[in-house]
Amino acid sequence: MTAIKMLRLDSAAIDFEKQLQARLAWDANDDLEIHKRVLDIIADVKKRGDKALLEYTNRFDGTAFKAASELELDRGALQQAWDNLPSTQAIALQTAADRVRAYAEHQKLQSWQYTELDGTVLGQKVTALDKAGLYVPGGKAAYPSSVLMNAIPAKVAGVGELIMVVPTPRGETNALVLAAAHVAGVDRVFTIGGAQAVAALAYGTESIPAVDKIVGPGNIYVATAKKLVFGQVGIDMIAGPSEILIICDGQTNPDWIAMDMFSQAEHDENAQAILISDDAAFLQQVEASINKLLPDMERADIIRASLTGRGAFIKVANLSEAAQVANRIAPEHLELSVAEPAALCEQIHNAGAIFMGRFTAEALGDYCAGPNHVLPTSSTARYSSPLGVYDFQKRSSLINCSAVGAQNLGKIASVLARGESLTAHARSAEFRI
């Protein structure tokens with residue numbers, strides 16, 4: 001097996017920014033043919049409802065459903081999946097769920113208000129979404145951890161009804177996914193997937209209720225469908241390939257760092273793993289670890305493609321410069337594998353999740369640490385945040401003017417409205433003066 005030679009960048013190079021930009025670039029251009037097919041599916045489900053949904057489900061998933069009523073899983077199936085789990089899996093799933101729920105409880109927004117001197121009351125009312133939809137990949141590509149991460153914050157927020165869709169290709173279900181739905185408190189589960197499931201959640205059919213927001217990962221058809229129904233419903237985000245950026249001072253076991261890079265590189269060939277260090281010799285040691293450990297990895301071919309195609313080692317002058325580069329990259333996952341992670345964290349402004357210290361592997365965040373693993377990718381951590389309870393809550397402004405407050409504010413509104421030539425606005429305010 002040919003040894004991997006990692007791309008090396010040096011922050012001191014004149015063209016460093018250009019080289020970095022080239023490595024970060026990811027071609028996310030829409031496939032126009034996929035776009036058209038998804039548009040057609042959405043329009044068909046919107047027009048024909050359950051009939052179209054049944055046809056697409058049977059065609060794409062190799063199923064033989066005859067009536068829409070067959071698409072919904074009985075809640076007893078979720079309970080049975082949970083009851084039949086091996087004890088080690090059940091304990092792990094319950095522990096992870098408890099930790100995610102405990103963290104989410106801290107995120108709940110609360111309503112507030114205050115009273116001004118003239119008696120006018122201003123405030124904000126926080127309410128949960130009525131209905132939310134959760135898309136979960138099905139069959140062999142099953143991720144119970146994603147069920148917990150998407151469903152639990154919705155339930156903590158107080159969402160009235162959480163509806164999960166999960167395809168069952170050739171009738172194949174995943175017990176861990178169904179058990180996770182049980183633990184997380186999912187209300188209804190439908191065995192549908194693909195763009196047709198997204199369309200059903202967005203517009204509703206005779207059997208599938210329309211929701212207010214759709215969350216959860218999926219393939220290119222699902223991601224495209226979420227883009228196209230946005231506006232009719234809310235969505236969580238459009239996720240790009242998985243990313244990890246590690247800042248290390250050269251004192252962590254290089255095997256640990258190599259395996260942490262593998263943990264994201266194994267997702268797919270477009271995943272990105274980058275290591276930044278001020279120790280050039282350490283970069284060499286990690287490269288040696290990569291080539292030592294890779295042959296034993298089950299997904300070695302994917303890891304190799306990811307590291308050679310999108311991975312990089314970056315040499316910096318010091319850790320402060322490492323933080324500057326990290327802020328420029330704005331990674332999904334950032335490991336601070338250094339002696340003083342809290343101090344370095346003060347310099348970090350752009351990251352989806354920050355893993356602090358030598359013992360905090362990113363993989364812990366994927367499953368059971370507590371914070372959500374649904375994170376902004378492709379540098380969108382510059383302006384967006386992890387999925388959380390707040391994504392399932394809405395905020396309404398409260399304004400309750402006293403008679404005196406209406407006098408004071410009415411005069412101000414009148415001047416500004418007339419300045420905009422909106423006289424009805426002005427007179428509406430003036431009537432109360």
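We use all heavy atoms of the structure for the numbers below, so side chains are in, but hydrogens, waters and symmetry mates are not.
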Residue pair Ser242, Gln264: steps toward the side-chain hydrogen bond (donor to acceptor under 3.5 Å, both in side chains) verdict:
CA-CA 6 Å; Ser242 190; Gln264 296 309 296; 2.3 Å; yes

Is there a side-chain contact between [X] and [Y], using heavy atoms and a 4.5 Å cut-off?
X: Trp26; Y: Gln272; value: no
X: Lys125; Y: Lys394; value: no
X: Leu344; Y: Glu340; value: no

Check this for me: Tyr367, atom OH, are more than 12 non-hydrogen atoms of other residues, nucleotides or ligands nearer than 6.0 Å?
no

Is a side-chain N or O of [X] found less than 3.5 angstrom from the main chain of [Y], in a donor-acceptor match?
X: Arg310; Y: Ala271; value: no
X: Asn327; Y: His349; value: yes
X: Asn58; Y: Phe65; value: yes

Just how far is it from atom [atom1] of [X] to atom [atom2] of [Y], taken to the nearest 0.5 Å?
X: Lys315; Y: Asp279; atom1: NZ; atom2: CG; value: 8.0 Å
X: Met261; Y: Leu307; atom1: CE; atom2: CG; value: 5.5 Å
X: Leu53; Y: Leu71; atom1: CG; atom2: CG; value: 5.5 Å

Ion pair present between [X] and [Y], side-chain N to carboxylate O less than 4.0 angstrom?
X: Asp249; Y: Arg358; answer: yes
X: Asp236; Y: Lys213; answer: no
X: Glu17; Y: Arg328; answer: yes
X: Asp301; Y: Arg304; answer: no

Just distance, no hydrogens or angles: give the donor-acceptor pairs under 3.5 Å from side chains in residues 105-113, sequence neighbours left out.
unit_1: Glu105; atom_1: OE1; unit_2: Lys108; atom_2: NZ; d: 3.2
unit_1: Gln107; atom_1: OE1; unit_2: Val389; atom_2: N; d: 3.2
unit_1: Ser111; atom_1: OG; unit_2: Val126; atom_2: N; d: 2.8

If you measure only the distance, is there a donor-acceptor pair under 3.5 Å linking the side chains of Asn291 and Glu287?
no

